[in-house]
Participant: 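Take a look at the following structure, please.
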Amino acid sequence: MSRYDPAQIEPKWQKAWDEAGVFVARHDPARPKYYVLEMFPYPSGRIHMGHVRNYTMGDVVARYKAAQGFSVLHPMGWDAFGMPAENAAIERGGHPKDWTYSNIADMRGQMKPLGLSIDWSREFATCDPEYYGQQQAMFLDMLAAGLIYRKAAMVNWDPVDMTVLANEQVIDGKGWRSNAPVERRELTQWFFKISDYSGELLAALDGLTHWPDKVRLMQANWIGKSRGLQFAFTTHGAPEGFDRLEVYTTRPDTLLGASFAAISPDHPLAKHLERHDPKVAAFVAQCRRGGTSAEAIETGEKLGLDTGITVLHPFDNDWQLPVYIANFVLMDYGTGAIFGCPAHDQRDFEFATRYGLPVPTVFVPEGVEDAPLAEAFVPMKSERVSYVRGFAGDRVQTGDEAVTAAIDTCEARGIGRGVTNYRLRDWGLSRQRYWGCPIPVIHCADCGVVPEKKENLPVRLPDDVTFDIPGNPLDRHPTWRNCVCPACGGAARRETDTMDTFVDSSWYYARFTAPHATTPTNAAEAAYWMNVDQYIGGVEHAILHLLYSRFFARAMHKTGHLPASAIEPFNALFTQGMVTHEIYKTTDAAGRPVYHLPEEVEDGRLRDGKPVEIIPSAKMSKSKKNVVDPMHIIAQFGADTARWFVMSDSPPERDVEWTASGAEASFKHLGRVWSLCSRIGEMAADHVGPGDDDVRRATARAVQEVSHGIETFAFNKAIAKLYEFTNTLWKADASTPVMKEAVRTLAQLMAPMVPHIAESIWNYQGGAGLCAQAPWPKADAALLVDDTVTLPIQINGKRRAEISVPKDMPASEVEKVALAHEDVVRFLAGQPVKKLIVVPGRIINVVI
RNA sequence: GCGGGUGUGGCGGAAUGGUAGACGCGGCAGACUCAAAAUCUGCUUCUGCAAGGAGUGUCGGUUCGAGUCCGACCACCCGUACCA
C-alpha cells in the first residue's frame with residue numbers, strides 16, 4: 001500500500017459510488033426510510049467552512065443510517081431567489097438568472113469533491129420555473145382555501161430603492177442598502193393567515209421533543225400568547241361612529257388604577273381625527289416619521305396628545321378618563337387601544353408622570369403601606385400582593401389568581417370578555433422585487449383581483465429586464481403585465497409583486513420527495529419519505545424559517561398537498577455552531593484597520609515582518625478576512641481531513657475554531673491510520689502489546705461507543721473514541737487475522753466522517769464490496785464485559801488507593817480486600833471505621 | 001429591561017452523584033539523522049525533592065461522596081424588546 005494520497009483516492013471512490021448509484025434514494029416499502037436534510041444553501045458562489053461542517057454532519061448521519069439498513073434520502077438544492085442576485089445585476093450588470101445559475105454550477109463543483117452521500121438526481125433550485133410554478137399552484141389553492149388574503153398594511157418603505165423592507169432590513173431607521181431614512185407607508189399586500197394557527201403552532205411545540213429547548217422557547221416567545229380582558233369604554237365627545245372604544249388588558253385586576261386611555265397613531269379613531277384636526281395630523285405624522293419612530297423607541301420617550309375625548313370608567317360612569325394618542329401604543333397588538341394604569345406599568349407610569357396624570361395604587365407588596373411611587377410596581381405573576389383598590393376575590397393574592405378572578409367578575413357584570421391574544425402577526429409575502437416567484441393573480445378593472453388559471457402556470461419571470469433604474473423591473477416592463485382576465489376575458493394586468501423568498505424555503509423539503517412531479521407533491525412519495533427525520537441548520541433560522549415551514553406544512557395539508565402526519569415536517573432538529581477563526585489586523589498609515597488572510601500570517605507576523613494584532617476567534621467573514629477556503633484545504637490535505645477536522649474537538653452545537661495546526665493534525669492522524677493499515681503483519685518479533693483478546697475487546701468497545709456517539713450527535717466524542725481505538729491497534733501485538741478484522745472495523749467506524757480513506761482501507765484489507773454499502777458492525781455483547789474491575793478506594797471521600805477484583809466478587813469480600821490494602825491500613829492508623837460504602841463495580845468509600 | 005445558556009489545564013474539550021482533565025492541539029525530553037523536516041517513544045492541572053497538599057467562576061447548602069443537585073452572587077454569550 002503506497003503513501004496516503006487523498007488527491008488520488010478521493011476522486012476514485014467518488015466515481016465508484018456514483019457508478020454504483022450508492023446514494024440514489026430508493027422508495028422501498030420493505031425497508032424503513034430515513035430522511036436527513038441540511039438547510040439548503042443560498043447560491044452565493046463559494047462554499048465556506050460552515051457549509052462543510054453543516055453538510056458533513058448530515059452526511060455522517062446519512063451514511064450511518066444507510067449502513068444500519070435504512071433507505072436514506074439525503075438531497076441537496078438551492079435557495080436561489082433573493083436580493084443578492086438583483087444587487088449583483090445592479091452593481092455589475094448582467095442578469096440575476098445568469099449570475100444565480102453560474103453560482104450554482106460553481107458551488108456544486110465545490111461540493112462534489114467533499115464526497116457527500118447526496119442524491120444529486122433530486123437537485124433543484126427554487127428559481128427553476130418547474131419549482132416556482134408548483135409554488136404558484138399552491139398559492140392558488142391556499143388562496144381558495146382562505147389561507148391567503150389581501151389587506152392594506154403599514155410597511156417599511158425605502159424611498160431610494162423603492163421597495164418594501166422587512167423589519168430585519170431596517171437598521172437604525174434606515175434602509176440597509178440605501179441608507180435612506182425609511183418611511184412608514186400603507187400598501188395593499190398579500191398575507192398568509194398564519195395567525196389562525198397561533199394557538200396550534202404554540203401547542204404543538206410541546207410535541208417537538210427532539211428539537212432544542214432553546215428553539216422551542218424562542219418560537220413560543222415569538223408567538224407570544226397572553227390571556228386578558230377585552231372590553232369597550234363608552235366615549236364622551238367622540239366623533240360619530242366612535243361611541244365605544246375597545247381595549248385589551250392582561251391585568252384587568254388593575255382596572256381601578258386607571259388614569260387615562262390611549263390609542264395608537266394608526267387607530268381608526270386617530271385616523272379620523274387626523275383628517276379634521278391639524279394638531280392631530282402633525283402629531284401622527286411625527287409618530288410615523290423615521291420608520292416606527294426608532295428614535296423615540298431608543299430614548300424610550302413616551303409622547304402623547306390629548307384628544308379632548310374622554311371615556312367613562314366601566315365601574316363608575318361619573319369617572320372620566322382622558323383619551324390620548326400615544327406613540328407607544330401599537331395598532332397590531334390587541335385592539336390598538338389601552339387603558340393606562342401608571343402604578344403597575346412602567347410605560348404608563350412614565351407617560352402619566354410626563355403629562356401630570358394621577359397614579360392610583362391598586363396593590364402593594366404584602367405587608368407594605370401604600371405610598372407615592374417612584375416607579376411602577378410590577379410584581380411577578382406568582383408574587384402575593386395586598387389589594388388596596390381590588391374589586392374581585394381576596395385582598396391578598398397572586399397576580400395569576402387576581403387576573404382570573406377579575407376576568408370572571410367582569411364577565412359576570414357584563415363588562416367585556418376573556419380573550420387570548422397572540423403577538424404573532426400575519427405573514428406579509430409581497431415584495432416589490434424582480435428575482436422572486438411571481439404572485440399568480442391578475443387585476444381586472446371589471447372583475448377585481450382574479451387568480452390566474454392553473455393551466456397558465458407557471459407565470460414565468462420575463463428575461464428581458466434591466467436594473468438601471470431603482471424599483472421593480474416587472475412594474476416598468478413594456479408588455480409583461482398585460483394579460484387577459486381569466487374571469488371575463490378582457491384586458492387586464494398582472495400583479496407585479498413577487499413572493500418573499502421565505503415562501504420558497506417553506507416547502508422545499510416536501511418537494512425533495514418528488515422533485516419532478518407535475519403537482520407540488522406526490523401523495524405516495526410524500527407519505528413514504530415525510531417527515532424529515534433529522535433536520536440540521538443554523539440557529540439563526542430558529543424563528544422565521546422554521547415557524548413559516550411549520551405553518552406551511554399545515555397549509556399544505558389543508559390544501560391536500562401533504563398528509564396529516566406531516567404537519568410537523570421536522571421530527572428532529574439540530575442547530576449546529578459556526579466555524580470561527582482568529583482575525584489578523586494591522587493599521588495603515590492613516591490609522592485605518594487593515595485585515596489579513598490567515599495564509600499571509602506566520603508566527604504573528606506578515607511576510608515583511610510586520611507584527612499583526614490577533615483578535616480572538618470570530619465568525620468567518622469576508623470583510624475581516626478571517627476565512628479559510630475549503631477548496632484550498634481540499635487541495636492541500638483532501639476532503640477527508642477537512643471533514644475530520646470540522647467534526648472533531650468541539651461539540652457540534654458549539655462553535656469550532658479552525659486552526660492550521662488542527663487541520664494538519666487531522667491530516668497526520670489519517671496518515672497514521674493509513675500506515676497502521678499497511679503495516680499489519682510487520683510487527684517486530686520482540687514487540688509486546690495488547691494481544692488477540694484485548695484487540696477483540698477494544699474493537700467491540702469501539703463499535704459500541706462510536707455508534708453511541710453518532711446517534712447522540714456527539715461526533716467529537718465518537719472521534720475521540722476512534723483516536724483511542726487507533727492508539728490501541730497501533731500498539732497491538734495481535735495475530736494478523738484479528739488485526740485485519742479490527743482494522744476493517746476501524747475503517748467502517750470512520751467511514752461516516754472520512755469515507756474515502758475508509759473505502760481504501762476496507763478495500764485493501766479484503767472487505768467485500770464497497771464500505772459505503774457494508775452493514776454497520778455489531779458489538780459482541782460478551783466482549784463488552786470485563787472479568788475484573790478496578791475499584792478506587794476513598795477514605796472520607798478522598799481517593800487513596802485502588803484494588804482490582806473479579807467482577808462478581810460479593811460486596812462482603814470486596815470490603816475485606818479493601819480494608820486489608822496497605823495504603824488503607826496506613827491511612828486508618830488504627831482508627832475505627834464508622835461506615836463503609838461499597839458501590840458494586842464503582843467505588844469503595846471508608847468513613848472514619 | 002425581559003427570556004435563555006455557558007463558566008473545567010496554556011488552548012479545544014471529556015466525565016449515568018462515584019478515580020476530574022478522556023481525546024486532540026500546544027509544550028518539553030529522548031530515538032532516528034551529519035543536520036533539519038517527517039516519523040517514532042515518553043512526559044505534560046498547579047505546587048512540592050518527596051510524602052503530601054490544592055484544584056472545575058465566587059460564597060453557602062444537601063450527601064458517605066458534588067464539575068454534576070439546591071440557594072445566592074459574579075462574568076461572558078445568545079435571543080428579544082414600547083406586546084398593554
Side-chain angles (χ1 to χ4, degrees), chain A residues 212-222 224-226 228-230 247-252 254 261-262 264 292-293 296-298 300-302 326-330 332-341 344-348 350-351 378 421-425 539-540 542-543 580 616-617 644-645 648-651 653-666 668-669 671-672 675 705 714 716-727 730-731 790-802 826 834-848:
Chain A
D213 290 343
K214 180 192 167 96
V215 172
R216 293 196 288 171
L217 188 75
M218 281 165 73
Q219 291 216 354
N221 290 340
W222 188 263
K225 182 179 180 171
S226 68
L229 180 77
Q230 188 171 321
V247 299
Y248 172 74
T249 175
T250 55
R251 290 307 297 255
T254 65
S264 163
T292 20
S293 59
I297 290 175
E298 220 154 276
E301 230 178 340
K302 308 286 179 279
N327 66 341
F328 65 89
V329 181
L330 306 174
D332 41 26
Y333 187 77
T335 62
I338 60 157
F339 88 85
C341 174
H344 306 296
D345 181 291
Q346 188 55 29
R347 282 169 326 204
D348 296 350
E350 286 167 29
F351 190 82
V378 185
N421 253 328
Y422 296 93
R423 194 189 96 109
L424 183 64
R425 296 187 246 154
V539 73
E540 66 273 19
I543 296 173
T580 64
S617 210
W644 186 259
F645 180 83
S648 46
D649 287 345
S650 281
E653 67 276 13
R654 245 185 266 182
D655 293 349
V656 64
E657 185 184 46
W658 183 277
T659 60
S661 58
E664 212 165 300
S666 296
K668 281 182 190 172
H669 175 72
R672 202 164 124 103
S675 52
E705 286 170 344
N716 57 324
K717 284 186 256 173
I719 284 184
K721 295 300 174 193
L722 285 166
Y723 270 104
E724 233 170 316
F725 184 36
T726 306
N727 289 342
W730 190 262
K731 290 176 187 147
T790 304
L791 297 179
I793 303 171
Q794 294 183 334
I795 293 171
N796 286 343
K798 277 203 181 299
R799 182 180 167 280
R800 295 297 184 187
E802 64 179 36
R826 184 160 56 84
K834 279 196 201 137
K835 198 167 175 183
L836 189 61
I837 289 133
V838 178
V839 184
R842 273 280 168 212
I843 204 164
I844 300 151
N845 194 8
V846 185
V847 185
I848 54 177

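Chain letters run A, B, ... following the sequence lines, proteins first and then strands; every chain starts at 1.
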Participant: Provide a list of protein-nucleic acid N or O atom pairs under 3.5 angstrom, restricted to nucleotides 11-14 of chain B.
Facilitator:
from   : atom 1 : to        : atom 2 : distance (Å)
G12(B) : O2'    : Ser650(A) : OG     : 3.1
G12(B) : N2     : Asp649(A) : OD1    : 3.2
A14(B) : OP1    : Asn716(A) : ND2    : 3.3

Participant: Any side-chain N or O of Tyr333(A) below 4.0 angstrom from OP1/OP2 of A84(B)?
Facilitator: yes

Participant: Nearest to the side chain of Pro792(A) - C82(B), A84(B), U19(B)?
Facilitator: U19(B)

Participant: For Arg423(A), enumerate each residue passing the salt bridge (Lys or Arg N to Asp or Glu O under 4.0 Å) test, keeping only those at least two apart in sequence or located in another chain.
Facilitator: none

Participant: According to ring pair (Phe, Tyr, Trp, His ring centres under 6.0 Å), who are the partners of Phe725(A), at least two apart in sequence or on a separate chain?
Facilitator: none

Participant: Which residues pass the side-chain hydrogen bond (donor to acceptor under 3.5 Å, both in side chains) test with Asp213(A), sequence neighbours left out?
Facilitator: Arg216(A)

Participant: Just the atom pairs and distances: protein N or O near nucleotides 2-5 of chain B's N or O, under 3.5 Å.
Facilitator:
none

Participant: Hey, does Asn796(A) reach any base, or is it just sugar-phosphate, or nothing, if we go heavy atoms under 4.0 Å?
Facilitator: nothing

Participant: Check nucleotides 48-53 of chain B against the protein and report each pair of N or O atoms closer than 3.5 Å, with its distance, or say if there are none.
Facilitator:
from   : atom 1 : to        : atom 2 : distance (Å)
G53(B) : OP1    : Arg800(A) : NH2    : 3.3
G53(B) : OP2    : Arg800(A) : NH1    : 3.1

Participant: Applying side-chain contact (heavy atoms from CB on, under 4.5 Å), can you list everything that pairs with Lys798(A), at least two apart in sequence or on another chain?
Facilitator: Arg800(A)

Participant: Sequence neighbours left out, what passes side-chain hydrogen bond (donor to acceptor under 3.5 Å, both in side chains) with Trp644(A)? Give chain and number order.
Facilitator: Tyr723(A)

Participant: Categorize Tyr248(A) for me: base, sugar-phosphate, or nothing, with a 4.0 angstrom heavy-atom threshold over every strand shown.
Facilitator: base

Participant: Go through residues 841-848 of chain A and report each residue with a non-hydrogen atom lying under 4.0 Å from RNA chain B, sorted by number.
Facilitator: Arg842(A), Ile843(A), Asn845(A), Val847(A)

Participant: Once Watson-Crick and G-U wobble pairs under 3.5 Å are found, how is RNA chain B written in dot-bracket notation, 5' to 3', with | for any base paired to another strand?
Facilitator: (((((((..(((.....[....)))((((((.......))))))(((....)))..(((((..]....))))))))))))....

Participant: Please identify each residue that fulfils side-chain hydrogen bond (donor to acceptor under 3.5 Å, both in side chains) with Ser675(A), with sequence neighbours left out.
Facilitator: none

Participant: I want to verify a distance call: between C82(B), U19(B), C64(B), whose nearest atom is closest to the Glu802(A) side chain?
Facilitator: U19(B)

Participant: Can you list everything that forms a side-chain hydrogen bond (donor to acceptor under 3.5 Å, both in side chains) with Asp332(A)? Sequence neighbours excluded, please.
Facilitator: Arg425(A)

